Visitor: 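Here it is: the structure, laid out below.
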Amino acid sequence: MEKIKWGVLGTAYIFERDTARGMKLAQNCEMTAIAGRSMEKAQRFKEKYGFRKAYGSYEELLEDPEIEAVYIPLPNTMHYEWTIKALQHGKHVLCEKPLAPAAAQAREMFQAAKENHVFLMEAFAYQHSPYIKEIRKAVEDGVIGELRYAEAALITSDYDHSNIRMRRETLGGCTYDIGVYAMSFLQRMIGKKPEKIHAASSFSEEGIDMYTTGIFEYPGRLKAHFDCGMVLETEKNSALDRFQLHGSKGSIVSENFAFNAPGSLTYRIRTFDGLDELHTVEVPNNYCLEVEQLGRCIRGEETPWMTEEFSVSLAETVDCVLKEIGY
């Protein structure tokens with residue numbers, strides 16, 4: 001198998017904690033180069049994760065003709081700039097969620113990908129999970145009938161105030177950081193964006209939303225609800241992940257579930273005619289799945305699971321939520 005030569009722009013925590021392991025596990029990925037804001041830090045990451053090259057600036061990595069694909073784990077405010085630059089250098093891009101601060105920028109990013117004949121994919125690792133795909137298929141197959149109500153939530157610890165999640169100038173706050181998980185889950189299961197959005201938030205002294213809740217309205221009888229918040233015990237890395245899907249014939253409810261978790265995840269299907277089943281899905285490393293999938297796209301074997309339509313539509317929904325809460 002000819003492996004995709006990957007470069008990583010930045011030494012962010014999400015790369016250290018999650019994506020590095022996923023890239024190592026990915027059979028079609030070669031971890032070729034790492035770039036940092038300083039050569040010293042890039043060299044440390046090169047040695048730690050087994051890259052062949054280290055660069056002291058992002059520009060230098062993008063100039064490397066050997067690099068085929070770039071992973072961008074930079075802060076939210078830097079996604080647009082460095083994704084555009086990478087695309088203009090002819091690199092395929094996997095950019096961390098949220099793809100852009102606003103839908104207008106997301107559209108520009110995908111346009112740049114088209115103009116440069118490369119792929120752009122938003123890095124929503126959990127969306128590649130066989131668990132999520134199995135539940136979506138159950139909904140599509142009408143196992144619980146016509147959807148009437150859906151809800152999803154992700155509540156986490158808050159963070160030290162030096163953390164970029166806790167600062168408005170770095171697009172912190174729970175909607176950008178974790179609300180996109182709940183909203184993207186609803187979009188995947190329902191298959192479209194809402195017609196009307198109502199949302200409210202609780203804000204910190206620094207002006208970021210610490211807890212946001214919203215109601216989505218769709219044509220017909222369907223309603224959805226999401227919650228997101230950074231309100232659990234500070235720096236304890238604890239989280240509450242959940243979802244429910246209720247239809248005209250029954251329901252699907254999460255049991256052992258976390259958005260990006262590998263391992264044995266479960267959900268329960270109950271129907272009004274008496275069915276009560278616990279389903280278990282064995283989930284591999286989700287970060288590995290997204291890296292491998294983009295690699296297959298680059299080799300012409302597949303098209304992206306996280307499509308332009310999905311990411312732009314989600315960004316439009318996030319725009320509306322942020323407008324509703326006055327962020």
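Every value quoted in this text rests on a predicted model; they were computed, and no experiment measured them. By convention here, the first residue in the shown sequence is residue 1.
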Visitor: Output yes when a side-chain donor or acceptor of Ser129 lies under 3.5 Å from a complementary backbone atom of Ala125, and no otherwise.
Guide: no
Visitor: Between Glu146 and Arg221, is there a salt bridge with N-O shorter than 4.0 Å?
Guide: no
Visitor: Can you tell me how far CZ of Arg270 sits from CD1 of Ile252, rounded to the nearest 0.5 angstrom?
Guide: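 So the gap between those two atoms works out to 12.0 Å.
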Visitor: Using the ring of Trp305 (Phe, Tyr or Trp, six-membered ring only), decide whether Arg188 places NZ or CZ under 6.0 Å from its centre and within 45 degrees of its axis.
Guide: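 Yes.
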Visitor: Going by ring-ring contact (aromatic ring centres under 6.0 Å, His included), Phe124 matches just one of Phe259, Tyr181, Tyr287, Phe185. Which one?
Guide: Tyr181
Visitor: For Glu301, is the CD atom crowded, meaning more than 12 foreign heavy atoms sit under 6.0 Å from it?
Guide: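 Yes, CD of Glu301 has more than 12 neighbouring heavy atoms, counting only those of other groups under 6.0 Å.
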Visitor: Could you give me the CA-CA distance, side-chain angles and deciding distance for Ser264 and Glu282, then say whether side chain to side chain donor-acceptor pair (under 3.5 Å) is met?
Guide: CA-CA 5 Å; Ser264 299; Glu282 295 302 323; 2.6 Å; yes
Visitor: Is there a side-chain contact between Met166 and Met210 in this structure, where contact means two heavy atoms from C-beta onward sitting under 4.5 Å apart?
Guide: yes
Visitor: Report the C-alpha distance between Phe216 and Phe226 in whole Å, list the side-chain angles of each, state the deciding distance to 0.1 Å, and finish with yes or no for ring-ring contact (aromatic ring centres under 6.0 Å, His included).
Guide: CA-CA 8 Å; Phe216 292 167; Phe226 79 92; 5.3 Å; yes
Visitor: First locate atom CG of Asp158, then atom OG of Ser204, and finally report the distance between them rounded to the nearest 0.5 Å.
Guide: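 It is 9.5 Å, given to the nearest 0.5 Å.
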Visitor: For Arg44, look at atom CZ and say whether over 12 heavy atoms of other residues, nucleotides or ligands are found less than 6.0 Å away.
Guide: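 Count over threshold, so yes.
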Visitor: Before you tell me yes or no, could you show the steps for Gln293 and Gln127 under side chain to side chain contact (heavy atoms under 4.5 Å, CB included), namely the whole-Å CA-CA distance, both residues' side-chain angles and the distance that decides it to 0.1 Å?
Guide: CA-CA 11 Å; Gln293 209 263 322; Gln127 286 273 341; over 6 Å; no
Visitor: Could you give all pairs that pass the salt bridge (Lys or Arg N to Asp or Glu O under 4.0 Å) test and reach residues 85-96, with sequence neighbours left out?
Guide: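 Listed by first then second residue: Glu81-Lys85.
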Visitor: Please report the interatomic distance NE2(His128) to CD(Glu290), rounded to the nearest 0.5 Å.
Guide: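 Here the interatomic distance stands at 5.0 Å.
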Visitor: Closer than 4.0 angstrom, basic N to acidic O: yes or no for Glu169 and Arg167?
Guide: yes
Visitor: So Leu62 and Leu9, side chain to side chain contact (heavy atoms under 4.5 Å, CB included) or not? Walk me through it.
Guide: CA-CA 9 Å; Leu62 295 181; Leu9 290 191; 4.3 Å; yes
Visitor: Does His279 use its side chain to pair, donor to acceptor, with the backbone of Ile269 at less than 3.5 Å?
Guide: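 Pair absent, no side-chain N/O of His279 close to backbone of Ile269.
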Visitor: Can you check side chain to side chain contact (heavy atoms under 4.5 Å, CB included) on Asp64 and Tyr55, steps first, answer last?
Guide: CA-CA 10 Å; Asp64 185 339; Tyr55 292 106; 2.7 Å; yes
Visitor: Counting N and O atoms only, with roles assigned by atom type, does the side chain of Lys97 sit under 3.5 Å from a partner on the main chain of Asp177, one being a donor and the other an acceptor?
Guide: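 Flag set: sc Lys97 to bb Asp177 pair under 3.5 Å.
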Visitor: For Tyr327, does the six-membered ring have the charged nitrogen or CZ of Arg168 within the cation-pi criterion, i.e. under 6.0 angstrom from the centroid and within 45° of the normal?
Guide: yes
Visitor: Is the shortest side-chain N to carboxylate O distance from Lys53 to Glu60 below 4.0 Å?
Guide: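 The answer is no: the pair does not qualify as a salt bridge.
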Visitor: Given side chain to side chain donor-acceptor pair (under 3.5 Å), test His198 with Glu324 step by step and report yes or no.
Guide: CA-CA 7 Å; His198 316 275; Glu324 276 284 299; 5.0 Å; no
Visitor: In terms of heavy-atom contacts, does NZ of Lys323 have more than 12 from other residues, nucleotides or ligands at under 6.0 Å?
Guide: no
Visitor: Decide yes or no on side chain to side chain donor-acceptor pair (under 3.5 Å) for Glu309 and Thr307, but give the supporting numbers first.
Guide: CA-CA 5 Å; Glu309 179 184 6; Thr307 63; 5.0 Å; no
Visitor: Looking at Val143, is its backbone amide N or carbonyl O close enough to the side chain of Asp141 to form a donor-acceptor pair, meaning the two atoms are under 3.5 Å apart?
Guide: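 Not confirmed, Asp141 side chain does not pair with Val143 backbone.
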Visitor: Tell me if a side-chain donor or acceptor on Asp209 pairs with a main-chain N or O of Ser201 at a distance below 3.5 Å.
Guide: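 Side chain of Asp209 to backbone of Ser201, a donor-acceptor pair under 3.5 Å: no, none is there.
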Visitor: Taking ring pair (Phe, Tyr, Trp, His ring centres under 6.0 Å) as the test, write out the residues that go with Tyr49, two or more places apart.
Guide: Phe15, Phe45
Visitor: Which distance, rounded to the nearest 0.5 Å, do you find between the CG of Leu99 and the CZ of Arg107?
Guide: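 Going from the CG atom of Leu99 to the CZ atom of Arg107 covers 12.0 Å.
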Visitor: Does a sphere of radius 6.0 Å around CD in Glu115 hold more than 12 heavy atoms from other residues, nucleotides or ligands, not counting ones at 6.0 Å or beyond?
Guide: yes
Visitor: Is there a donor-acceptor pair under 3.5 Å between the side chain of Tyr58 and the backbone N or O of Ala35?
Guide: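 No, the answer is negative, given that no donor and acceptor are paired below the 3.5 Å cut-off.
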Visitor: Quick check against the 3.5 Å criterion: does Gln27 have a side-chain atom that pairs as donor or acceptor with the backbone of Glu292?
Guide: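 Judged by distance alone, no pair lies under 3.5 Å.
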Visitor: Taking atom CZ of Arg37 as the centre, report whether more than 12 heavy atoms of other residues, nucleotides or ligands fall under 6.0 Å from it.
Guide: no
Visitor: Identify which one of Thr156, Val321, Thr213, Thr212 satisfies the side chain to side chain contact (heavy atoms under 4.5 Å, CB included) criterion when paired with Cys228.
Guide: Thr212
Visitor: Considering only NZ, NE, NH1 and NH2 on the basic side and carboxylate oxygens on the acidic side, decide whether Lys3 and Glu30 come within less than 4.0 Å.
Guide: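 So Lys3 does not pair with Glu30 through a salt bridge.
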